[in-house]
Each structure stands twice: as structure tokens, then as C-alpha cells.
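First up is the structure itself, then whatever we jot down about it.
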Amino acid sequence: MTGLTLTALHATHGRSTVLDGIDLTVDDGALACILGPSGCGKSTLLRVVAGFHPAAAGQVVLHGRTLDDGRTRLPAERRNIGLVPQDGALFPHLTVAANIGFGLPRSERRARVGELLELVGLAGLGDRRPHQLSGGQQQRVALARALAPRPGLLLLDEPFSALDAALRAELRREVAATLRQTGTTAILVTHDQDEALSFADTVAVLRDGRIAQAGTPDTLYHRPADAAVARVLGEANLVPAELTDARAQTAFGTLPLAGEASGARRGLALLRPRQLRLTADPAPGAVRARVLGSDFRGHDHRIELRPEAAGLPETLVAYAELPWGPGEAYVGAAGPVHVVPDPAGAGA
Amino acid sequence: MLAPVATVVVAVVASPLGFVIAQAAQAGWEQTRRLLGRPLIATLLWHTVTLAAAVTLATAVLGFGAAYLVERTALPGRRAWTVALALPLAVPEFVRGYSWVSLFRSVHGYWGAVLVMTCSLYPLVFLPVAAALRHGDAAAEEVSRSLGRGRLATLWRVTMPLTRPALAGGVLLVSLYLLGEYGAFAMLRYTTFATAVFTQYKLGFDAASASLLTLVLVALALLLVGLEAWAGRHARVTRHGALARTAPPVRLGRWTVPALAALAALVAVSLGVPLYALGYWLIKGSSTTLPSASVLGATLATLGYALGAALVATAAAVPVALYAWRRGTRPARAVERVAYLTRALPGIAVALSVVYFAVRYAQPLYQQPPMLIAGYVVLFFPLALTAVRAALAQVPPGVEEAARSLGTRPLAVLGRVTLPLVLPGLGAAVAMVGLTASTELTATLLLRPTGTQTLATQFWVYTSGLAYGAAAPYAALMVALSVPSVLLLTRRTLGRPGKNS
């Protein structure tokens, strides 16, 4: 069953168009993620759905009910859509329990607040005030508050961005688990690809007010629609390739194609950094390259290389188990590759 | 080195409180009981409390309403409305009293006082509430809406509580002004503690009795400060973070015209009436039979005293502000808090304590220029301190340490880094104090050197003789002098303009 459907959604800020024809479907009970750089319109999209920004054209439909069709808008308070803002925005003048109970009728308050405190792991902290909580706890309260009236849809606006890295990952897992447990349909907005990939069932990459591509995290990571989507989801080496049958001819030799050939004769082969292998000695298909730098990252080393062969990007990035000192290395590529259209327009 | 200087400055500034107590103590127990037991005290208390109740309520409603309309709705011309709504502060209360009394005979007594003081003081609520609404984060309100609460419920349950500290601060200022006001009430023939003290002192030369009444007045003021501190005990609720985002303005739809009409009426009554009265009497011309005095002479005297006081007050505020700014320690905060506490002292209490000090310990200074300057400095020290603190807030934290680490001695750091950075702010502080002092009436009447007339006292002489036409130029000059400081205050309170446009 469909939860949220956006059809040809347009929105403007004054004269400038921010959303330029968004089509998106989020299944009931699914966790979706809108991924995009700042200024791509993702916050506006969230606010249109929540009812704080008018749609200029198009439709927002939740569970068969039209919320906004560019002419009539349902007020935010009648949409039954929960909101978790960036830094929680707890009501500073109310206790934790009163915050969570804010959207509940008086009769249900006591029982439901206890239930939610339990759910987010804050049982016993109901009498605290927001400023007595840590950042992570505040976000948990914000989540509980939004979940309390059992919203038909939950919107999360970069809710983890103000937290430090370790806590962010932990809370993200926790929130995703809580949402699945309660069967809540949710949309997370973020600019952090790790967050998007690990959190969501569906990721939509937003660019210049349009959805560049939507799909499962796996599809997006391994089979992006174009070079830009490939880069948004993680570091990518995009190597020009000639396509024949199910093979790609690249500077690294002939590589098998992942999936079917599209019929195009040229394109860019996507090689994720882990697909590049470094060797000290020449090997078949390996390209000589100068090591520009090596960063230790704990679990591996990120190595930047300048290939000396023609027909390759200026720098390549490889993730290797071992560090490489400055000097030379031979770079080879492995595994099936996904090919995206060459934006330079070389495809004939 | 800074700590002792700051402490001494604050001790001097807070000393009037001690003098008032010392002098009241001379009255003796028996006399105290007799004086405080008089029915007059009950009457004054009733007058003061009922007036304060009505005016604070009216200013809170008008101030909050106007601030909400200007900051949170799509009202046409919001920038212009902001200025127009703040400008009534430029009309001193006694000038406003004069403009109503001279035009309408029926304006006097309790309701006259409520009208005049509400028109004068609502900007003191309007400005801080508007600032809180402008800088506050809209996210909390949006969350409330998303939880199913409508606009009105959100306004009541989220917006109002979030602006409560600003509202409480504004209402406190309003009630402190009410306690200290003399001129407007004298003109409206309404007696409060302040007018009673003045009469006791001027007519009866009954210093002990006046001091006792002053003490009651000061006690009331301190009670108010305590109440405000209690009301604002969860005061740090408004967030001013980088994350804070302003709310999109509410569309008024068919309420646009009524809202505009309400604001226009407020501005017409609070700004239009005084300006009309001034214009009327300026054109009507001199209606006096009293000897005419030189407007120029009074202006020069006023500006001289005001500027002198402003320079001294600002210079004295610098060490206190620096001390509190550099160190967030408990003593530093305490020193600053005591300095702000003197803000609660009514002008008449300060004036009487300076008189008392001069008569007892510095007889040669009695009714000499330094006495008036000292009065102004004590009276406007909190104002200077606020302005200097605002200037210091612009200094990036850590620059002093950076300079020290580059091998500069502390005093050189002050001269080469800190002071140049705050110099514009100090200029604003001097301007603010100077302009405010130039329209001061109560303390000036008590402290001015014999034979000296300032704009305010000359105005007072004429209006006391019902020479409204002759008083008009003085009133107009005082209003004109106040306009820049009101604009300055508006800008400082609301922050950089254009952020919300």
C-alpha cells in the first residue's frame, strides 16, 4: 500500500523555483531518505509535506488523502504528520513528559507518555527539563514527542547532524529500529550519504529541485543513473570505457559489465575505491601511477594516485589495507563494473 | 586590578540605597511608626498598586500584540511600523502628560494616568518581545502545529511561554518607570509615592519623612525586581543558535485591515497626539506672561550637563563591564547584578540621596554643577553598563588572550586591541546616556545648581504656570533629542535590520 505520493510537485521561494517537478512514492511502513547537498531543496520538500510551505503545483497525497494540490492546503495541524527538527526543538518551558504529551488528548497522556519514554529508553527522566538532557537524549525526546500521536508519516530533518560521530551512528540505528518496531512511515532528510545508505529502505537523490534517482541503497550505490549520483553516494573513480557486448574496454583492460548492456557504445565505468588494487610491480592491466598521498583511517588507508596513462581521470582514489609511501604504484581494477552515461556527451 | 576598580565603581553607584536607609533611620522608631501608619501611606499604596496593575496589563497586551503583528505576520510595511511603534519612547512622560492636559481638560486622575503612562511605556514591552520573536527559533512552533495544535493554541501554549522572559523584563521596566515617575503624575494631578516624596521634600523640607517614603518606594522597586527574577527563573528558554530559523510570516487575510487599523490607532494615540499638541502650541505661539528665557541657553546647559554625565558614566561602566565580560565568575556576576539593581532606584530616591550626601559630607558641593552630574551618573549608570556590555559582546572571544600570547602587556592589550574594538560601542553608550539625561526632570529639579535651567526644568516652570505655548519649544527640543537614542535602542534590541524582511 502506498503511504505518501508526491506528483509533479513544484514549490518556489519568491521568484526562484526550489522544487521543480518531484515525483516520489514512499510505501506504507517504509523508511525513505532524501539525500542531497545543502540548498538542493530537500528541507523545502519536507516543509511542503509537513504543511509549512505551499506547493506551487502538483500533489501531496498521504494514505489517499490529498494534503496539498497547489490550490487548497490542509493546515499543518490537521495532517497528522510528525516532525523531528534538526536540533530537536524541544519546548524549553515544559518537562520531558509534558513535551511528549503535548500532542495527546489529556485522557491518554499519562499512559502513552510512559510507553514512549520506555520506547526511547528514557524511562524515569520524565520530570527533567530539556536543558538537563544531553544532545542525544534531547533527540530521543523529540522522536518520542513526534511519535506520541501515532502520526501517519514522520519527517526527520537532519536530526542527527548536531551530534558527534559515534553517537550519531548509534542513535541512527536506534531510531531506525524504533521506527520499524512501530511500523511508522518516515522520511529522513540528510546530506550524509552514510546516514542515507544505512537508515533507509529507499533513497531519493535530490538535485536542483528534481529527483535525480530513487531506489534501494544498494541500487543507488552500485548502479547509479549518472556520474553525479555515483559521486553523491561515495567516492567514485569514473573511467572512460568503450562498450562491446557485456564488456567494457578501459585503460585497466577489459572488465565485465554488471547487469545488462544499455546499448550505448561509450560511457564511464564506475570503479569504487575498493575495486582498485595496488601492486608494487607491473601486472597485466595495471596502470603506472604516482602516489600523491596516503591517509590512515583506522580500518584502511585512503590513497590518492595520479595515473600516468592517458584516458584516465587526473586522480584516482583507492582504499588499501596497507599504507603506500610516496613514489610509484601499479593500479589495477577488478570486478564487474557499472557504466553511467558520459556527461561530456561523447556517447554516440 | 580590574576587580577592585569595578567593585569600587559599583559600590559608589549603589551607595544611594545606603544613604536613603541612613537618613530614614534618623527618623527614629516612634516617628517611623507614626509616619508609616498614616492613612496617606495606604492611599499612596493603593494609588500606586492599582495604577501599576492597569498599566502593566495594558502595556503587556499592547506590546505583545504589536510585536506579534510586526514580527510574525505578513503585515504590509512591517519595518516602518516597528519604528513608528518604538518612537513614542522619544516623548518624555511629562511632555506626554502636558500634551494631553493642554488639549483635553478631562484627562487627569487615575484614568488619565493609565492612558498617558500606557502610551509612554508600551514600547518597553514591545521592543524586547519583538526581539524575542525575531530571534527565537520557529521550529518549536512548527512542531506544535505538526502535533495537531492550531495557530491559536500554538500561540498560547508555545509562543507566549517562549517570550515570557522578554515579556517579564519589559513589564518590570514598565513598573519601575511607574514607581519613579513624577512629572506626568504631577501634571495629571495623580498622587503616588514619587509625587508625595517630592512634595514632602520641596514643601515641607521634611527630610526624614521624605526619606521614609523613599524607602517604601525603594522597597517596592526591589520587590518588583525579585518578582521578575522569580518569573524568569527558567529564563534561558529562547534559543539564539545558528540553527534558529525565523518563521515564515502568517498571512492575515481578511484580518489585515483590522490589524492595520489597530496599529494605526495605537500610533495615532501614542505618537500622533503629542506631535499634534506640540505643533498646535508651537504655532499658537507664546501664551506666557512669564519672562521669556533663552531656549539656546537652556539647550546648551542641558547638553553640557548631559554630555558630562554621559562621559563619566561610560568611563565608569568600562571597568565593570570588562570585569564581568572577561570573567564569568560568581563575584564578577554579583558585581554586575548589583549595578543593574540600581536601575530599580527611582530618580527621586537617587536625587535625595545625593542631596543628603552633599549636605552631610560635601557642603561646598551643595547645589553646584558636580552634584547634578553625580546624580545623572548614578541614575544612568545601568544604561551605560548595558551599552558597554553590548559593545563588548561584539569582541570575538579570545582576542585578548591572543594578544597577550604575542607578548603584549595587559594594559597595552586594552589600549591596542579591546578599546579600539569597542570604541564605536562606547560612542553609542555616551550618546544613549547623554540623550536620555537631557530629558530628565525629577532629579534635575532637585539637584540643579541655583539659577541653572535645563530644557526640562524650564519646560516645567512654564507648564506649572499654564504657559503651554511658551513650553512647546522646550518640549519639541526634548522630543527631537530623544529620537536618536530611541532609534539606537530599537536597533540594538532588534539586532541588525533586514534579517526578517
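In what follows, chains are A, B, ... by sequence order, proteins preceding strands, each numbered from 1. Just the heavy atoms: all of them, side chains too, but no hydrogens, waters or symmetry mates, feed the values below. All of these numbers come straight from a predicted model, not from anything done at the bench.
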> With only heavy atoms counted, which part of Leu104(A) is less than 4.5 Å from chain B, the side chain, the backbone, both or neither?
Replying inline: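 Just the backbone, heavy atoms under 4.5 Å.
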> Ala146(A) versus chain B, heavy atoms under 4.5 Å apart: side chain, backbone, both or neither?
Replying inline: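 Only the backbone of Ala146(A) comes within 4.5 Å of chain B.
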> For Arg110(A), what residues pass the side chain to side chain contact (heavy atoms under 4.5 Å, CB included) criterion, not counting sequence neighbours?
Replying inline: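 Expected list: none.
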>> Going by side chain to side chain contact (heavy atoms under 4.5 Å, CB included), name the residues that satisfy it together with His10(A), two or more places apart in sequence or in a different chain.
In response: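 Per chain and number, His10(A) pairs via side chain to side chain contact (heavy atoms under 4.5 Å, CB included) with Asp20(A), Ala56(A), Ala57(A).
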>> Heavy-atom cut-off 4.5 Å, strictly under: side chain, backbone, both or neither for Arg151(B) against chain A?
In response: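 Arg151(B) touches chain A through backbone heavy atoms alone.
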> Of the backbone (N, CA, C, O) and the side chain (C-beta and beyond), which part of Thr154(B) lies under 4.5 Å from a heavy atom of chain A, both, or neither?
Replying inline: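 No part of Thr154(B) comes within 4.5 Å of chain A.
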>> Check the orientation of Phe91(A) and Phe102(A). Use parallel for under 30°, tilted for 30 to 60°, and perpendicular for over 60°.
In response: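 Geometry flag for Phe102(A) against Phe91(A): tilted rings.
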> Under 4.0 Å between a Lys/Arg side-chain N and an Asp/Glu carboxylate O for Asp192(A) and Arg168(A)?
Replying inline: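 Counted as a salt bridge, because a side-chain N and a carboxylate O are separated by less than 4.0 Å.
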